[in-house]
2 protein chains.
Amino acid sequence: MPAEHWTPPPVLLAVDLVIFTLRESVLHVLLVERGIAPFQGMPALPGGFLATGTEDIITAAHRELREEANLDATQLHLEQLGTYGTPGRDPRGRVVSVAYLAIAPRLPEPLAGTDAAQAAWTPVTDILSGRTRLAFDHEKILGDGLERARAKLEHTALATAFCAPTFTINDLQKVYEAVWGVELDPRNFYRKVQAVDDFIIPSGAERRAGRGRPARLFRSGTRTTLFPPLVRPIPTTAEAQG
Amino acid sequence: MPAEHWTPPPVLLAVDLVIFTLRESVLHVLLVERGIAPFQGMPALPGGFLATGTEDIITAAHRELREEANLDATQLHLEQLGTYGTPGRDPRGRVVSVAYLAIAPRLPEPLAGTDAAQAAWTPVTDILSGRTRLAFDHEKILGDGLERARAKLEHTALATAFCAPTFTINDLQKVYEAVWGVELDPRNFYRKVQAVDDFIIPSGAERRAGRGRPARLFRSGTRTTLFPPLVRPIPTTAEAQG
DNA sequence: TCAAAAGTGTTGTAACTACACCCATGA
DNA sequence: TCATGGGTGTAGTTACAACACTTTTGA
């Protein structure tokens, strides 16, 4: 181990954001097109370096979210996903990146930041299938974020955050199906979610959508952790959704 | 956002280690007594700065584990726990620490490193009860590590790593009870662990321990994720074990 | 023969899957 | 009246807690 007056090597600290939303019942992730080298022109997760030496890491995450997704992030569910610091992951030098996971209902169209030539919602399947490749190790980060989001749906009331203020049980089911990448039995789902105490509460109103019986509308309850949990089906073979 | 030739502020990157082991069926964590300021003389989690600008983070964690616990870490279960970077958490400057969780069977007595005046296994309850206070934000890190370890016992075959190469089902039960801080029904535990396919396999031998019927000895199977999981009892009130 | 620890059987319940079935609506 | 989606009933299954019970040993 180093002695007395040795000083440790400094690193550059960045944050990367995995921001999921649902559009037309399809899971999308926010990507930016890199405006500068390295990986110029390639899609990447939004993110950036700490702005000052005293900025908190999660504050930096919120700031990037605001800058790149045009979203006031203070009210948003944001959680640390992991830290990625393999030497050589960024050709500019030793960059260690703390990844955060953000999940939200239908978000506004993103706003391009200075480092982001262009920002867009991209279906997650595009990346999983290899059709879209990401800069740096961002495919790995996205994969970890997706797995975390899937697990969170099982044990938390997160799914309601994807929905409008009032929603039908079928709306909620579409959230689970989109994130998990599976099909669920609507009759069993109907009862399972209602069996969780204070997960969703009836608003009294109904929604008529063309033909078919009107669906009851619900709003989120106060419960945050689901008991019993909504266990996802065992991922048999390919887990790529759809 | 900063423009053109701005360079991001550097930070110092450290690793901290939450190393659990079991001694006499009591969960212990490895602590070092800080030999230098800040928090000189106070117990802390082992850890330290990156040695070089190109050292991988997990490599640094393994190195510190070897230096401070006198343990060849290459074979050890080690997983990233989280990153702690609140400004001001270290009075020396902007230090961001990546915490790792290590879990192992009965480990050798630790070896004091250069920065560690003294290293010792400490019962986790001593910290949870507030009897022992830790430097920096290490109590928070330890708490997160404990929660992670508890959750891992439910879904992975980690518990067998706490045991000797061959062990009885009661040995295994003591691991769960020590980490979870609860008492379990030995008859139900007996069958639950055996119901998991390839979790533990009989070695054929038995162990006689004073009075009572001899217990069959088992060794670890190849299974890493448990299905069905061994769900821990709902944490009712105080979660401090014992 | 008794205490102690290992191991087995059984009962009741919670949660679940699969699927048959009924209800309410718009075209 | 029929297709469509909302909602209910129910049978069979799995996992489990609780606890009575038998087995095998050392003292």
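Below, chain A is the first sequence line, B the second, and so on; all start at residue 1.
Note on B:Asn170: every side-chain N or O is 4.0 Å or more away from OP1 and OP2 of C:dA5. Regarding contacts with the backbone of C:dG7, every side-chain N or O of B:Arg191 stays at 4.0 angstrom or more from both OP1 and OP2. In terms of phosphate contacts, A:Asn188 brings no side-chain nitrogen or oxygen within less than 4.0 Å of OP1 or OP2 of C:dA18. Within the structure, a side-chain polar atom (N or O) of A:Tyr190 is placed less than 4.0 Å from OP1 or OP2 of D:dT8.
Rounded to a whole Å, the CZ atom of B:Phe189 is 15 Å from the P atom of C:dT8. Remark: C1' of C:dG7 and CZ of B:Phe218 are 10 Å apart, rounded to the nearest angstrom. Whole-Å rounding puts the B:Leu184 CG to D:dA15 P distance at 19 Å. Between B:Arg216 atom CZ and C:dA5 atom C1' the separation is 14 Å, expressed in whole Å. Rounded to an integer number of Å, the gap from CG of A:Leu172 to P of D:dG7 is 13 Å. The CG-C1' distance, from B:Asp185 to C:dT10, rounds to 14 Å in whole Å.
Between A:Leu30 and A:Pro46 the shortest heavy-atom distance is O-CD, 3.2 Å. Listed here is the closest heavy atom pair of A:Ala61 and A:Leu17: O-CD1, 3.6 Å.
Of the residues in residues 193-214 of chain A, those lying under 4.0 Å from DNA chain D by heavy-atom distance are A:Arg211, A:Gly212, A:Arg213, A:Pro214.
Nucleotides of DNA chain D nearest to B:Lys192 and A:Arg187 differ in position, and the one nearer the 5' end is that of A:Arg187.
A donor-acceptor contact shorter than 3.5 Å links the side chain of A:His138 to the backbone of A:Leu45.
Of the charged side-chain nitrogens involved, at least one lies within less than 4.0 Å of a carboxylate oxygen, so that B:Glu147 and B:Arg232 count as a salt-bridged pair. Remark: A:Arg148 does not engage A:Asp144 in a salt bridge, criterion side-chain N to carboxylate O under 4.0 Å.
At a threshold of 4.0 angstrom between heavy atoms, the contacts of A:Phe227 are confined to the sugar-phosphate backbone, with no base atom among them.
When the options A:Leu146, A:Ile103, A:Leu81 are evaluated for a side-chain contact (heavy atoms from CB on, under 4.5 Å) with A:Val18, the one that passes is A:Leu81.
Within the model, atoms OG1 of A:Thr122 and CG of A:Leu31 stand 4.0 Å from one another, a figure rounded to the nearest 0.5 Å.
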